[in-house]
Amino acid sequence: MKDKRTVLEYEPSQKRGRYGVFGGQYVPETLMNALRELEEAYEACKNDPGFQQELSRLFAEYAGRPSLLYYAERLTQKLGGAKIYLKREDLNHTGSHKINNVLGQALLAVKMGKKRIIAETGAGQHGVATATAAALFGLECKVFMGREDTERQALNVFRMNLLGAAVQAVDSGTATLKDAVNEAMREWTARVDDTFYVLGSVMGPHPYPMMVRDFQSIIGKEVKEQIRLQTGRLPDCLIACVGGGSNAMGLFHPFIEDPEVRMIGVEAAGKGVDTPEHAATITKGSVGVFHGMKSYFLQDDEGQIMPVYSISAGLDYPGIGPEHAWLYDTGRAEYACATDQEAVEAFQLLAVTEGIIPAIESAHAVAHAVKLAPEMSSGQIIVINLSGRGDKDVAQIAQYMEVASHER
Amino acid sequence: MNAKTNRIDQKFQQKLAQGKKALITFITAGDPDLETTRRLVMAMEEAGADLVELGVPYSDPIAEGPVIQAANTRALKNDVRIDRLFELVSDLRTNPNPSLKTEIPLLFLLYVNCILQYGKAKFFDKCVEKGIDGLIIPDLPYEESEEIAEEAVRTGIRLIRLVAPSSNARIETIAGEAEGFLYCVSSLGVTGTRSSFSTDFRDFFGRINRFKSAPCAVGFGISSPEQVRELKEYCDGIIVGSAVVQRIAEAESPDQAVVSIGKFVKSLREALDQ
């Protein structure tokens, strides 16, 4: 891969809402004051011990935190190399890391006096988490989901409805996650007065990338404490899947200042990065502006956003959060990718070796560990963020395996 | 063309001197095809449009409602590349046949990523060379506009600033730096026709007119001569987009679209001049 990085040494960015050249607030004028109000409200809550206490209580008593850090001994033996630990975000209430961010934002929405929240969703995990928080706080909730995703994740649509949320299928564009974001932003533009947009990843205009990162960084903070308790030291390597990048950022962020810890984000290579069907933004993309932020995107030479593909609806996104772009450019984090096939194999491997069925998104991270662990020594430690559980994916994987076995 | 003789400025000066308001119409370039776009520009001018906005088709037009989104999709299927739009503009400026040549102010409405990928400096140089007078960039708010504004200053292309009813105190800053004209978004939400407006226009335009450094034009949701009559007292110009694009979509042929748009623009002109 050609090195397209512009800065080669990590330094924290100093400018408000920027990570090096990345980030910013590229949104219609109608939303600018709403973003400013959101930023001010968030800053106030961030420094308010009462807010933080309430959030900690929700994390502990409602979401089931801290999530476990589990030594995957049989997987470690099978791969024969570094010791593998799994951060079990799949055990959270609603089955993924998404609840961390959603509880934070929903609580903020309540503090801001908003009665209605909206969200976009890909796989449905963020939509389910948002619908859950809406039920918990008594808020009206509407979730935008690409038509194609409502079909491949029909069960999650039903879950959201059960939780009292309205799900609007999005037919525009490619009818997937990016179009759900477009539609949520359009809706927010129309109802900016009474509506809070609960964005699901470390993307979009400032302050979302910062705010979502802060709420998700509970993952990395817990890992730091847990791994020290269990092993007496920091891990050698962190691995997480990246679509927009929230579970990865949540794991990475507390370790940025620990240069001995390698950080690897794993993108979806779909049918292969040399085919048109993938979602490997950093591997194949270029710098541009989309969805309110400057970052890396899969786009053509005139800036049209390209259709992306992955077996995983949650990674099926043509961009990546701006702080990831910065971590990549500065060399602090590395970005790899895993194909559908590799992810499905890792999905099965984790099921049979550890009795854990991961989300197909998280299986991309496991797939990279499968490649990396044997190259490392048994004295070294890898932490994989198991960002979600795989129940939602079982039917689709069965279908994939059926097709794959016929093709053989 | 230089900064002093921009066609947008000249047109507004001329309208103000005549005690008239400007009519600005929008079409998505390449919908249904580029030849029809060329004919529509000429037809709209003949029917009384003073300025024309050409929407550059984009994969993800987040400021647009369903009507213009659909037009973008249709145009993209026609492989409308930016260089082909520049050629279209160049032809409108230099066609040897006087009935196919126009000096009407032309603006591109496009998303900032298109400019960045084309290359900022190259894009602005092409605008000057081919005959574009201004740019409307819906996802480029004031705070992010510096790198683009520098090019606008260098080349004399007008960067059209936008204010919305939710802008509140921001109006002072933005209106104070307006050039060409100030685009006043009539109401919250994306583009598309609205049956009525809930914005307090007296208050909104009161602030705008106190601070503006260029004429102001109102757009978003204006679709009928009645609405033109309702809004014209507040501002120096009226912008109509989705209602034009909708008529193009409904027409059975390009010929019929040209006739239909001519009639519609004429009705807007008459409402504006009454």
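All values below were derived from every heavy atom in this structure, side-chain atoms included, with hydrogens, water molecules and symmetry-related copies excluded.
In this structure, B:Y118 contributes its side chain and A:D301 its backbone to no donor-acceptor pair below 3.5 Å. Listed for the A:Q304 side chain is no donor-acceptor partner under 3.5 Å among the backbone atoms of B:L76. A donor-acceptor pair is defined here as one N or O able to donate and one able to accept, closer than 3.5 Å; no such pair exists between the side chain of A:N182 and the backbone of B:D60. For B:D139 (side chain) and A:Y26 (main-chain N/O), no donor-acceptor pair under 3.5 Å exists by modelled atom type. Checked by atom type and distance alone, the side chain of B:Q69 never pairs as donor or acceptor with a backbone atom of A:S172 at under 3.5 Å. Using modelled atom types, no side-chain atom of A:E29 and backbone atom of B:C184 make a donor-acceptor pair closer than 3.5 Å.
Scanning residues 188-200 of chain A against chain B with a 4.5 Å non-hydrogen threshold yields A:T189, A:A190, A:V192, A:D193, sorted by number. Taking non-hydrogen atoms and a 4.5 Å limit, the residue list of residues 203-221 of chain B in contact with chain A is empty.
Heavy atoms closer than 4.5 Å to chain A are found in the backbone of B:P57, but not in its side chain. In this structure, chain B has a heavy atom under 4.5 Å from the backbone of A:V287, while its side chain stays farther away. Interface residue A:Q299: only side-chain heavy atoms are found under 4.5 Å from chain B. For A:F290, the part lying under 4.5 angstrom from a heavy atom of chain B is the side chain only.
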Take A:K294 and B:E147 through the salt bridge (charged side-chain N to carboxylate O under 4.0 Å, His left out) test and state the conclusion after the steps.
CA-CA 13 Å; A:K294 190 174 272 187; B:E147 61 175 329; 3.1 Å; yes
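Here the side chains of A:R186 and B:P61 are in contact, with some heavy-atom distance below 4.5 Å.
Of the residues considered (B:N113, B:V185, B:L162), B:N113 shows the highest number of contacts with chain A, using heavy-atom pairs under 4.5 Å.
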